[in-house]
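Sequence lines set the chain letters: A, B, ... in the order given, protein chains first and strands last, and positions in each chain run from 1. Bear in mind that the values here come from a model prediction, so they are computed numbers and not experimental data.
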Amino acid sequence: MTYFEKAGERMYEFTGKIFPYTRSLTGQGVRDTLKDIEEYISVPFENEDGTTTDKGSMPKLKIADIPSGTTVFDWTVPKEWVIREAYIEDEEGNHIIDMKVNNLHVLGYSAPVDEWVDLEKLKQHVFVEEGQPEVIPYVTSYYKERFGFCMSRNQLDSLKPGRYHMYVDSEFIDGNLNYAEVIIPGESDREIMFTTYFCHPSMANNECSGLALQSELIRYVAAMPKRKYTYRFVFNPETIGAIAYLSNGNNLEYLQKNLEAGFVLSCVGDNNDYSIIESKYADTIADKALKCVLKYRGSYSTYNFHFRGSDERQYNSPGVDLPVVCYCRSKFGEFPEYHTSADNMSYVSAEGYQGSFEVMTELITAFEKNGYYRMKVLCEPQLGKRGLYSNISRKGTYDGIMLQRDVISYADGRNNLFDMSERFDVPVSEILQVTDKLIAADLMEVD
Amino acid sequence: MTYFEKAGERMYEFTGKIFPYTRSLTGQGVRDTLKDIEEYISVPFENEDGTTTDKGSMPKLKIADIPSGTTVFDWTVPKEWVIREAYIEDEEGNHIIDMKVNNLHVLGYSAPVDEWVDLEKLKQHVFVEEGQPEVIPYVTSYYKERFGFCMSRNQLDSLKPGRYHMYVDSEFIDGNLNYAEVIIPGESDREIMFTTYFCHPSMANNECSGLALQSELIRYVAAMPKRKYTYRFVFNPETIGAIAYLSNGNNLEYLQKNLEAGFVLSCVGDNNDYSIIESKYADTIADKALKCVLKYRGSYSTYNFHFRGSDERQYNSPGVDLPVVCYCRSKFGEFPEYHTSADNMSYVSAEGYQGSFEVMTELITAFEKNGYYRMKVLCEPQLGKRGLYSNISRKGTYDGIMLQRDVISYADGRNNLFDMSERFDVPVSEILQVTDKLIAADLMEVD
Amino acid sequence: MTYFEKAGERMYEFTGKIFPYTRSLTGQGVRDTLKDIEEYISVPFENEDGTTTDKGSMPKLKIADIPSGTTVFDWTVPKEWVIREAYIEDEEGNHIIDMKVNNLHVLGYSAPVDEWVDLEKLKQHVFVEEGQPEVIPYVTSYYKERFGFCMSRNQLDSLKPGRYHMYVDSEFIDGNLNYAEVIIPGESDREIMFTTYFCHPSMANNECSGLALQSELIRYVAAMPKRKYTYRFVFNPETIGAIAYLSNGNNLEYLQKNLEAGFVLSCVGDNNDYSIIESKYADTIADKALKCVLKYRGSYSTYNFHFRGSDERQYNSPGVDLPVVCYCRSKFGEFPEYHTSADNMSYVSAEGYQGSFEVMTELITAFEKNGYYRMKVLCEPQLGKRGLYSNISRKGTYDGIMLQRDVISYADGRNNLFDMSERFDVPVSEILQVTDKLIAADLMEVD
C-alpha cells in the first residue's frame, strides 16, 4: 500500500482524536481542534519519488481572530462561550447527565444556571429527539440567551418525580471567533478551494470527517510535484464563520476574481452512497466536474440547491455568487444519526474516508489536467504512422480506438475534459489517457 | 361579502342586460352595448377604505368612429349593416323563424330579400349545424354579399313542402366601425392591456362574458389606491376591430414601446377549467404570469399558439409582435355550445365570472408587486435578530422557513416574481408574503 | 414516366458497369471509373420543357492529379498501386482463388509475392470474415507494406494440406492520387455540396451507389432552368482523398466562406430505411434540412456523429468545421453485407436508387426555395378578398386553411422553410404551396 492508500486509516484515527472536544462557534474546543490539525498536516512523509516532505516544507495553518462584536456583513460576531461544567444532579447526588460523559448533553451556548427544581420544571429545559428515543439530540441557541440540556427521550421518561439540580458553569466573554486557512500556491492565481467547518461538538460524520479529509488533502496537494492551480483550504465555524471569512479584507473580491471551483466538504466519512448539492443554478464547472467524477463511483445522489445547508449557502448568496458546490457521502439531514449522539465513531470508517479521498484527489487531478483541447493539425491526423491506429483496415478493427477518434473530433477549442467526459460517457481518466498520448505526439494542445 | 366578492353576480346580471342586442361588426347593437358598458363602469361604489368611488371619478369610455371605406392595414372597413327585420313566413302567415325571437336566425350581414320560394329553394339559404340538431348556428358573411337564415336542423327537417316567404329588411350604409378604450394611468408609462370584443349577437360566453369581465376590471383598477402600471382596456369587433385599433394613429408604435403584457379576454363566464392560449413563441412575461396564477386554481389547459382564434392573432402577427396571450375558461371552439344558440345565459354563471375575476385581479396584484428582486446585504442576512428565523437550532426547525431562504438566495437580480413562483413551485401570493417582509426589514429591494 | 422518374433504372445499370473495376486509393481502376462517370453525365436528354440538354452544355468533370509523396495536411500521398495479377495456385495448377474472379481476393495495396508454401504458412496471409463463413471480406493495408489474400471461411476450411503458390504481381510506383469535381454555378456564390468516394473494389452499395447517385444529381442540377445556389460535386478516395481535396489551393477557405450545406453520399442504393449521420453538434442547416425531408418518407434512423465513418469525418474536423452530414439508406457498418463480397448487385436496386434520388432532389428544391419569410403587411392580411379564405364564417370552415394561417404568423423573419416544417409538423412541399401563393399575392417576401 502506498502512503495515500492508507489515507482512510489516518483520517479515521485523526477523527477519534478530535471527536471528544467541545467545539462550538467559538472557544477553546475550536482552538484545540485547530492545533491538532496543524500538527496533523505537518507530519513528515515519504513521497512516491523517494523524497521526504517534512515539517519545514509543509504549509502553515494561518489562524484568524475576529473579536466578539465585530460586524461581519449583516451579522455580529457573538461573545465567546466558555463552558466549564454542565450536569443535572438528582437528590442522591447522582449526575444523571454530565457533559463530561457526552458534550451533547449541554445546549450549545447555554447560559449558566445553578438551581434546584422539580421534575416538571426541569423538563422545560430539556431537549429530546422525538421519534429517536435512544439518542441525545444536538441543539444550540447561539443568538438568544437561554440555558438548557439535551438527553434521550428514554432517559427523560425514566426520571422519577423529585428535585433536580440544573447546573451549568458557563460564561460569555469578549473573545474571538476563529477561522483558519492554508493556501498552497500553484503556477496560476486561479484557485481551487476546499472548505469545511468546526462548530459541532462530539459528532463524527457531521463535523470531524470534513476536518480530517481536508487536512489529508492539504498533505496531498502539498506533496504534488507541481500545481497548475493555487489551492485554498478554509476551516471555519459554519455560517457565521464563512460570512466572517468572506467579509474579511478583500477575500470576497479576490475569490470572485480567481476562484475556478470550490467544494464544501461535509459528512464525508461514512461508507454510503455519494452526494452532490448543486450550486444555485447548477451551471458551474464545480457542478460538472464533481458529477463527472462521482458518476463512475457507483450510484450517487444529486440534490439541487434547494436542499443546501452548509456553507455553500453563503458562497452562492446574491452578490457573492461563487462557483461552489457541496460534497457529501450521506447528505446531512438525510441520515437518522444526523445531529444526534448516534453520529459517532461507528458511523464513519476508514473505507468511507478512503472513498472520499479518492473522489477528491481524482477531482484535483482532473482540474490540473483540464483545459480546452485543440488539435494542431487540420482534418484527422494520420494515426497509423504514429502507432495510434491499426495498420490493417477491416470491419471492426477501429472499435477500440473510437474514443480517440471522438476526442480528436471534439478537440476544437469548445470542449474541456469535463465536457468530453459528459459527451462521450466515459470517465475523465480515460479521456486523459487519450489526450496525454495526443499531446505527446504533438497533435494536440490544451489551454 | 365585500364589494368585489360580489363581482360575479354583477357581471352575470350585466350579461343578461346586453345579451339580447343584435351586435355585429358594426351597427346600432354595438352602440347600445357600449352605452350600457359606459353606464356600468360609472356606478358609484364604496371602497374598502370607506371612500366612495363615484361617477365623476370614474374613467370615461373613449369611443372611436372609423368610417366605412377606411383602409386599415390590408383591410377596408365595410359598410355598416342596418338590420330591421328578418323572418321566414309560411303559407298560413306563421313566422316559422323570426329574429325577434332569436337574432341568430338571420345570417350576420345578410343582404335584404323579399321573395316567396318553395321548400327546396328555401333550403339553399338556410344554415343548420349538422351534428347538433337542436341548436341554431351562428353564421356570418361579412365580406361577400348574400342573404340567409339560420335554424336548427330539427326545425328545418320538420318543414312541410310548400311556399315560404324569405324576408330580410336590411341595408348597407356608409357608417362607422366603432371601438372603445379606457386608459387608467399609473406611475409608469409601462402598460398592462386587457382587450375583448363585441361583434356577436345573442351569445353569452363567447361575447358578453368578456365585456362584463373587462368592465368590472375597469372598476377594480380605477378603485386601486395607486397603480404602478398604466392600464389599457380595449373593446372592439374581433379581427378587423383589432386591426383598425392597431392601425390608428400611433397605437402600434406606442404599444410596442410600452406594453408589458396584454390579455385577450374571451369566453370567461362559464364555470369549467381555465385555459391559456400562449403567445407566438410562448416566451413572454404574459405567458409566464398567467400560468403562474392559473397553476394554483385547479387544473387548467395550455393551448399553444396554433390554437389561437381571437385578437391574440393580430397582436402576435409579424411586425406587430406584442406580448399578448388569450385567457379563457372553456376555450372557444372546444365546447359544443360555441357559436350556437346554446351559448346562452345558462352556460355562464356568477361563480364562473367570480373565478375569472379572481384570476385577473390576482394577476394585476402580481404585476403591481413584480420586479427583479435583489438583496441589500452580502451573504445570508441574520434573520434571527429580526424575528424572521427560529432562535433555537435543531433538526427540522427550519422547515417552515425554507421558502424565505430560497427567496433570499435567488434575489440576485436575475429573478422576478414569476420566475420565483415557477422555480419554487409555490403561488405568487406566498412569494409576496416573503418579499414584503424582507423589503419591510430593509433587506431586499425590487426594481 | 418522365425522364427523371427513370433515374433509378439508369443508376442501377450504371452501377453494373463500374462494379467490376479494381478501384483502390489510387490507380487505373479509379481512372476507368472516372472516365465512365464523365461519359454518363454527358449523355444528352430531353428536358421537361422540350429542350435538349446535350453533351456540349453539360458540365465537365475536372480531374486533379496529386503526386505520390505530396504532403496533404498531416498525411503523405502514398505511391500508386499497380495490380496486375493475384491468385493462389494448388499443386495441381488450379487457381483456388483469383482476382480475375473477384477482386476482393487480393488484399488492398498488397505487396508482390511469388512463393510456394505449405497450408499452415499460407493461412498466415489469408483474411476471412469470422461469423460470415460464406463471404469474402474486404481488407486493405494502405500504410504498412504486406501481402495477402482474402477468401471465405468455408473455402479456407476446405483446403487440404499441401503446397500452395502465393502469387501477387503488383508494384508501387510514383504516380498520382486522383479526385474529381463538378461545379455548376448558380445566381449566388453560396454552395450546396455533394460528395462521394471511389476507393473500394467490387462492392455495390458501399461504393458504386454513391457514384451513380451523384452522377445522376449532376444531370438533374445541370438541367435546372435556373439555380439560386452554386452546386459542387466532389468525387475522391475516402479519407485521404477528402483531406487532399481540402488541403488543395484555397478549397478549405472557400468552402468555409461559401458552403451552405454539404451531404456525403454513402450506401444509397439499397431499398431499406433511410439514415442520416448528424454533423458534429447536430446543429447545422444540413441536419435540419435532411431530417425535414426524410421525416415524410417513412421511418428513418438518426445516427449521431459518434457513428460517423465516411468523409463527414474530415468535413467536421477541428479547424475545418463545415456544415456537412452524411446520407445513407442502410448505414455503412450496420448491414451484414457491408465490406464483403455480399455487397453486390443484388443488394442494390432501381427502387432503392429512385428513393435516394427523390430525397436528394426534394432537398435541392427545398434549398432553392428556402429563405427567411417575412410578411409585407401588418396584422393578418384580408385573405377573403384574394380568394385565399372561405367567405362564409362558421364553425369548422377554417380547418383547411390553418397551415396558411400558421405560415403567415411565423413569417416574421425568424423562420425559414425548415423551421416551419419542423414547427408545424408538415412536409416542406406543403409549406411551399402556401408560401408560393402568398408570395404570388404580394403578401410575403423571402430573403
More than 12 heavy atoms of other residues, nucleotides or ligands under 6.0 Å from CD of C:Glu134: is that the case? no
Side chain from CB out, backbone as N, CA, C, O: work out which of these in C:Tyr109 comes under 4.5 Å of a heavy atom of chain A, or both, or neither. neither
Quick one: which of C:His306, C:Lys280, C:Arg308 gives a side chain to side chain donor-acceptor pair (under 3.5 Å) with A:Ser409? C:Arg308
Report which part of C:Leu107 has an atom under 4.5 Å of a heavy atom belonging to chain A: side chain, backbone, both, or neither. side chain
Within residues 363-386 of chain A, the residues sitting under 4.5 Å from chain C by heavy atom, in sequence order, are A:Met375, A:Val377, A:Leu378, A:Cys379, A:Glu380, A:Pro381, A:Gln382, A:Lys385, A:Arg386
Return the set of residues passing salt bridge (Lys or Arg N to Asp or Glu O under 4.0 Å) with A:Arg329 (not counting sequence neighbours), or none when no residue passes. none
Can you tell which of C:Ile243, C:Thr76, C:Asp321 has the highest number of heavy-atom pairs within less than 4.5 Å of chain A? C:Ile243
Please state whether the side chain, the backbone, both or neither of C:Leu246 comes within less than 4.5 Å of a heavy atom of chain A. side chain
Neighbourhood of chain C inside residues 421-447 of chain A, taking heavy atoms under 4.5 Å as contact: A:Arg423, A:Leu443
Which atom pairs, donor and acceptor, lie under 3.5 Å between side-chain atoms of residues 142-151 of chain C and protein residues at least two apart or in another chain?
residue: C:Tyr142; atom: OH; partner: C:Tyr138; partner atom: OH; Å: 3.3
residue: C:Arg146; atom: NH1; partner: A:Asn391; partner atom: OD1; Å: 3.3
residue: C:Arg146; atom: NH1; partner: C:Ser141; partner atom: OG; Å: 2.9
residue: C:Arg146; atom: NH2; partner: A:Asn391; partner atom: OD1; Å: 3.1

Atom group of C:Ser247 that falls short of 4.5 Å from chain A, counting heavy atoms: neither
Quick check for you: among C:Phe305, C:Tyr315, C:Tyr281, which has the greatest number of heavy-atom pairs under 4.5 Å with chain A? C:Tyr281
